[in-house]
Amino acid sequence: MYRPPNMYAQPMLVNCSGCRTPLQLPPNARSIRCAICQAVTHIAEPRTAPPSSLSSANAPASSPSPYNHAPPGQLPHAHGKKRAVICGISYRYSRHELKGCINDAKCMRYLLINKFNFPSDSILMLTEEETNPYSIPSKLNLRMALHWLVQGCQPGDSLLFHYSGHGSRQRNYNGDEVDGYDETLCPLDFETQGMIVDDEINATIVRPLPRGVRLHAIIDACHSGTILDLPFLCRMIRSGQYVWEDHRPRSGVWKGTSGGEVISFSGCDDDQTSADTSALSKITSTGAMTFCFIQAIERGHAGTYGSILNSMRTAIRNTGSGGGGGGDVTSLVTMLLTGGSIGGGLRQEPQLTACQPFDVYTRPFLPLIPSGIPLRSF
C-alpha cells in the first residue's frame, strides 16, 4: 500500500526499553539510545507498526508528547517569561499518606500569583485534587510536566519547579554520586511505576537550559539535598561561613546546564528526612521547608540566597528545640483549611545547590522574574 513520504515526518514518542523514560524518536529512525540509562530501543518497521504511531493525526489522546505540547486542556501559553510546575502529593488512603503537601502546593501557587505576578495560566498544578487526568501527579504526568517546563525556553525566561511529597534514595552504581546514592522523587504511583531518579531530573530540566534562562527548584522532600544533581552544594563550616562543595562526578560527566542558571533549595540533606508538621503554622499541616521558605519571603528575609537559607534554618532549628519558630503564622497558610499532623521535634537542615558557585551573602535573591527587572516585592 502506497503511503505519501510525509506520513513519517512527524516525531514519535516511545518509552525507553530500559528505564521507560519517554523518548522522542527522530523521523525515519529505527532505534534510539537513552541518554539516562544508555539502553537502545529498537522500533518496528513502519509497515508493521500500528497506524496510530505513523501519523500524529491518528495518535491516541491518552499519550500526549511532552516534547511538542502541554497536556490537553492545559496552559494555552506554552512560552513566556515566567513558567512554573507545582507538584503536591498526599498519597491519600495509602500507608504513605502525608497531610501537608497539597497545602504546600496551594501556598506556593498563591505566592507566585500574588507576590510575583505570575499569570495563572503559566502555572501547571499537579495534585490529587485536580480534575484533569493529566494533572494527577503520576510518574508519566510529572515527567511530562518537567519536559513542558523547559520546552522552548528563551533568554530572559524564569522557571520554577516546586515539589512537596515523598523523596527517597537508592544505591548508585555508575560512580557519579559523592555519597554513593541517587536521590529520588516518589510520584503518586511510585509503588507500581517506580521513582524518578536525580539523573533523569538533571537530564530533563538542568542540562538543556540555554544561556539567559534561570530555573529555581524548591524541593520539600526527604533525602533531597542534591535531588537536581547540581555540581555544587553550599555548606556552612564551623566558622559560620558558607563554602561551596564540589559535587561534580569523578567520571567527568557534566551535570550543569548549557549556559543557563539553576539554583535549588531543598528541605534537608541527602541523609536526612523532611517533616510534614503542624508545629510551624499551628493551624494546619505543611511541609516545614515550604512553610519556612514562604515565611522568609513574607518577613523580608530574602534579600540574598544566604539570608533566606539562614532564615529557613533558624526557623526549623527553633521549632525543633522548642523555640517556637512558628511564631506569627504566615498569611498564606492561614488561608488554608485546618488539618491534623504530628508535632515538633524537627531535625532537618535545608540545603542550597547550584550549577555554579556564587557569593550567597551578596547575591540578590531574584526568583521568578527575568534578569534586569528590579524586584519590587520586598
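All values below come from the heavy atoms of this structure, side chains included, with hydrogens, waters and symmetry mates left out. Please read these numbers as outputs of a predicted model, since none were measured by experiment.
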When you compare the side chain of [Y] with that of [X], does any pair of heavy atoms fall below 4.5 Å?
X: Thr127; Y: Ile89; answer: no
X: Leu112; Y: Leu160; answer: yes
X: Tyr181; Y: Gln170; answer: no
X: Ile218; Y: Phe161; answer: no
X: Met236; Y: Asn310; answer: yes
X: Thr353; Y: Ser266; answer: no
X: Val360; Y: Cys234; answer: yes
X: Ile86; Y: Leu124; answer: no

Rounded to the nearest 0.5 Å, how far apart are [atom1] of [X] and [atom2] of [Y]?
X: Met108; Y: Tyr163; atom1: CE; atom2: OH; result: 14.5 Å
X: Ile219; Y: Gln351; atom1: CD1; atom2: CD; result: 13.5 Å
X: Met195; Y: Asp189; atom1: CE; atom2: CG; result: 12.5 Å
X: Asp104; Y: Leu98; atom1: CG; atom2: CG; result: 9.5 Å
X: Thr226; Y: Asp182; atom1: OG1; atom2: CG; result: 8.5 Å
X: Leu228; Y: Phe265; atom1: CG; atom2: CZ; result: 13.0 Å

Can you see whether [X] engages [Y] through a side-chain donor-acceptor pair at a distance of less than 3.5 angstrom?
X: Asp220; Y: Thr290; answer: yes
X: Ser90; Y: Glu128; answer: yes
X: Tyr242; Y: Arg235; answer: no
X: Ser307; Y: Thr304; answer: yes

Which atom pair, heavy atoms only, marks the closest approach of [X] to [Y]?
X: Pro350; Y: Ile316; answer: CG-CD1, 3.7 Å
X: Gly194; Y: Pro187; answer: O-CG, 3.7 Å
X: Cys268; Y: Ala221; answer: SG-O, 3.5 Å
X: Ser122; Y: Lys82; answer: CB-O, 3.2 Å
X: Cys87; Y: Pro137; answer: SG-CB, 3.9 Å
X: Leu126; Y: Ala145; answer: CD1-CB, 3.8 Å

Is any NZ, NE, NH1 or NH2 atom of the basic residue among [X] and [Y] found under 4.0 Å from an Asp or Glu carboxylate oxygen of the other?
X: Arg95; Y: Glu191; answer: yes
X: Lys115; Y: Glu298; answer: no
X: Arg313; Y: Glu349; answer: yes
X: Asp229; Y: Lys255; answer: yes

Would you please test Leu352 and Trp244 for side chain to side chain contact (heavy atoms under 4.5 Å, CB included) and show each step? CA-CA 10 Å; Leu352 179 70; Trp244 288 98; 4.2 Å; yes
For the ring pair Tyr91 and His166, is the centre-to-centre distance below 6.0 Å?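 Yes - the distance between ring centres of Tyr91 and His166 falls below the 6.0 Å cut-off.
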For the hydrophobic clusters of this structure (ILVMFWY residues joined by side-chain heavy atoms under 4.5 Å, transitively), does one cluster hold both [X] and [Y]?
X: Val197; Y: Val206; result: no
X: Tyr361; Y: Ile297; result: yes
X: Leu142; Y: Ile136; result: yes

Do [X] side-chain atoms and [Y] backbone N/O form a donor-acceptor pair below 3.5 Å?
X: Arg214; Y: Pro155; answer: no
X: Thr204; Y: Ile201; answer: no
X: Asn141; Y: Pro133; answer: yes
X: Lys139; Y: Thr192; answer: no
X: Asp157; Y: Gln154; answer: yes
X: Thr184; Y: Ser168; answer: yes

Rest of the hydrophobic cluster containing Ile237 (Ile/Leu/Val/Met/Phe/Trp/Tyr, side-chain heavy atoms under 4.5 Å)?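 Taking Ile, Leu, Val, Met, Phe, Trp and Tyr as members, Ile237 shares its hydrophobic cluster with Val243.
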Would Arg109 and Phe118 count as a side chain to side chain contact (heavy atoms under 4.5 Å, CB included) if you check the C-alpha gap in whole Å, the side-chain angles of each, and the deciding distance to 0.1 Å? CA-CA 9 Å; Arg109 184 176 187 274; Phe118 252 58; over 6 Å; no
Return the orientation label for the Tyr305 and His216 ring planes: parallel under 30°, perpendicular over 60°, tilted otherwise.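 Tyr305 vs His216 ring planes: parallel.
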Where do Ile123 and Arg83 land on the side chain to side chain contact (heavy atoms under 4.5 Å, CB included) test, with the steps shown first? CA-CA 6 Å; Ile123 301 174; Arg83 200 184 315 172; over 6 Å; no
Does the cation-pi check pass for Arg143 over Trp148, that is, NZ or CZ under 6.0 Å from the six-membered ring centre and within 45° of its axis?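 No, Arg143 does not sit over the ring of Trp148.
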Those residues that, when tested against Leu209, pass side-chain contact (heavy atoms from CB on, under 4.5 Å) (two or more places apart):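 Leu209 satisfies side-chain contact (heavy atoms from CB on, under 4.5 Å) with Val150, Cys153, Leu159, Val213, Leu215, Thr257, Val262 only.
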